Amino acid sequence: MPHDITLIATITVGFVLACVFGLAATRLRLPPLVGYLLAGVAVGPWTPGFVADSELAAQLAEIGVILLMFGVGLHFSLADLMAVRRLAIPGAVGQILLATAIGIGMAMLWGWSFGAGLVLGLSLSVASTVVLLKALEERNCVATPNGRVAIGWLIVEDLAMVLALVLLPALAEVLGGRAVADAHGGAEHGLLVTLLITFAKVSAFVATVLLVGPRVLPWVLRRVARTGSRELFTLCVLAVALGIALGSAKLFGVSFALGAFFAGMVLNESDLSHKAAANSLPLQDAFAVLFFVSVGMLFDPTILLREPAKVLSVLLLIVVGKSLVALGIVLLLRFPLSTGLMVSASLAQIGEFSFILAGIGLAYGLLPQEGLSLILAGAILSITLNPLVFSLSERACEWLRARPTSHRRLTDFGRENFAALQEELDTARIKAEQKAAQHKKFTPEELVKRFPLFTGLTPEQREVLILHFERASAQPGDRIIRAGDKADAVYFISSGEVEVAVGKKRIKLRAGDFFGEMALITGQPRTADVTAIDYSKFLTLDQRDFRDYLRRFPEIREQISALVTEREEMNRHLMEDEAAPETGGERPA
Ligand code: CMP
């Protein structure tokens, strides 16, 4: 071969096989994720045939994790989480504690160390957000109260795991593993110092991102979006995600995953977050697939034959143990059985966080190789079984509903708590909608409906134009423009009414009209006073953007120039008419 094509081969084989196996999985009515994992097994070192470069695959997988966590951050809603907190927070924490304890007990029975048990237990206790969201989407349950409880529950789990990801390396040595000195420098310090250093680094990171991020990142994104170049925008989103992830790992020693999660969370607040999410999604999808393939590569299938009892115990803990614990907690907190069944089914699998945790456990010498294989076997099997678990929980609900006595008990139990939760969710939704409405820019369609002037623009061009607009408002009586002033912006009236004073004449302009263009076009001072006569809202374009737009869109320039000529002529007539009677009156005298 003329040159080294290992990277190309790894990506190509990863994509091709993931596509083939993913398709086969959906044919068998399994989540495609199972196919991606199996594609990884096929190109892994444990099976015959082509073996992909596992180091390269691991790096590609890391990009997948960064983009996945960036996506989780982009969609993270604190308000939604707060609405379901009464159930999700104690539920998730209790469930993690119980499931981890069972995992530790199980591992110690096998003769493993406490540290190994802890990593195993934690890995088995956390479900996969990717798998859950896909399952809820398929069942149209994402927006239902039960679906939102399950998502909230998982977000709490994710946050707990973020904490575990930070703490594990710091505690590795104490737990019986080895310290990887360059990552945290903890080898030569005591536990307390190591923990303090870790917390100081994480706090410095969080403070930097939360203080600097919201001021800089949305501004940068807006600037780039205003250029109207789609690829530049996508590039900027990726640069932010990967840049912050890598930068935070290098500067503060925190994981890529944490850095990317915060990068997403910071952008979440920006009005461009939807666009950012949409643009990064294809790449996120592609690299997430490579992440699953690379995880599959680590899986040694012989574990199924060598340690069937251990595999079965792991699987039972994930599918049955965790479900029962979750169901028990939901009922204990006095919420309905249907909520409990939905949450249990949602959590009866493990995924990306488990792999990340297991990877760290392995790197720090906490988890034996066998542990990783067991976790992978548990993941592949539980994800495969997940659709079945969901349909079982649905059937259980139907079966209970079919029995009048149990139905009554079923609908009565936890009804009050559920109603309160539903109310909080509704309030959260209304608040979110109000907030969105406040910040809401026009959609390209609304813009054209309101301002026919922009009909000739393509939707993309309209979108960019919307980004250039600033918002302004005025109360009745406010002077918006003063005759003779220097021009700075043009105003498009989105609602309300203003009055233009030309001599003694008053001209009314309403929603859909615009003003302030004459001075900008002629380069002269403002020609008239403009005063609001109603509560009015405007979209304004500053001088530079307005001129830039006129240059780029000659059709709009022509229309506006025609109106300027018309207004100038009208004003001339008005002034002449006003002057005429006076001079006429003076003449006889
Ligand atoms: P400008 O001169 O920049 O500032 C005052 C604005 O009032 C002016 O731009 C026009 O947009 C508006 N204006 C002036 N004359 C008329 C008119 N005859 N009819 C409607 N609007 C006008």
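Order of listing sets the numbers, starting from 1, for every ligand and every atom in it. For clarity, every value in this text was computed on a predicted model and none was experimentally measured.
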Quiz item: Once the angle between the rings of Phe451 and Phe454 is folded into 0 to 90°, is it parallel (under 30°), tilted (30 to 60°) or perpendicular (over 60°)?
Solution: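 Ring orientation, 0 to 90° scale: perpendicular.
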
Quiz item: Should the ring pair Phe515 and Tyr491 be called parallel, tilted or perpendicular, given that the plane angle runs from 0 to 90° and is split at 30 and 60?
Solution: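 Ring orientation, 0 to 90° scale: parallel.
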
Quiz item: For the residue pair Phe492 and Phe514, is the inter-centroid distance of their aromatic rings smaller than 6.0 Å?
Solution: yes

Would you mind running through ligand 1 and noting each atom that sits below 4.0 Å from a heavy atom of [X]?
| X | result |
| --- | --- |
| Val530 | 5 (C), 6 (C), 7 (O) |
| Phe515 | 11 (O) |
| Gly516 | 1 (P), 3 (O), 4 (O), 6 (C), 8 (C), 9 (O), 10 (C), 11 (O) |
| Ile481 | 4 (O), 5 (C) |
| Ala528 | 5 (C) |

Exercise. Heavy atoms only: give me the nearest Phe469-Arg222 pair and the separation to one decimal.
Key: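 Looking at all heavy atoms of both residues, the closest pair is O-NH2, 4.2 Å.
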
Exercise. Salt-bridge test for Asp513 and Arg510: reply yes if a basic N is under 4.0 Å from a carboxylate O, no otherwise.
Key: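 A salt bridge is absent here (no side-chain N lies under 4.0 Å from a carboxylate O).
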
Looking only at protein heavy atoms, identify the closest one to [atom] and say how far it is in Å.
| atom | result |
| --- | --- |
| atom 13 (N) of ligand 1 | Val500 CG1, 3.5 Å |
| atom 4 (O) of ligand 1 | Arg526 CD, 3.4 Å |
| atom 21 (N) of ligand 1 | Arg567 NE, 3.2 Å |
| atom 14 (C) of ligand 1 | Met518 SD, 3.6 Å |

With a heavy-atom distance limit of 4.0 Å, tell me whether [X] approaches ligand 1 through its side chain, its backbone, both, or neither.
| X | answer |
| --- | --- |
| Thr527 | both |
| Met570 | side chain |
| Glu517 | both |
| Asn571 | side chain |

Quiz item: So, do Phe252 and Val209 sit near enough that their side-chain heavy atoms are less than 4.5 Å apart?
Solution: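 No - every pair of side-chain heavy atoms lies 4.5 Å or more apart.
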
Self-check item: Heavy-atom side-chain contact between Val289 and Asp285 under 4.5 Å
Solution: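 Result no, sub-4.5 Å side-chain heavy-atom pair not found.
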
Quiz item: Rounded to the nearest 0.5 Å, how far does CG of Leu272 lie from CZ of Arg226?
Solution: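 Here the interatomic distance stands at 11.0 Å.
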
Quiz item: Can an N or O of Leu520 be found at a distance shorter than 3.5 Å from an N or O of ligand 1?
Solution: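 No - when backbone and side-chain N and O of Leu520 are compared with those of ligand 1, no distance drops under 3.5 Å.
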
Quiz item: Which of these passes side chain to side chain contact (heavy atoms under 4.5 Å, CB included) with Val564: Ile521, Thr527, Leu520?
Solution: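 With Val564 as partner, side chain to side chain contact (heavy atoms under 4.5 Å, CB included) holds for just one option, Ile521.
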
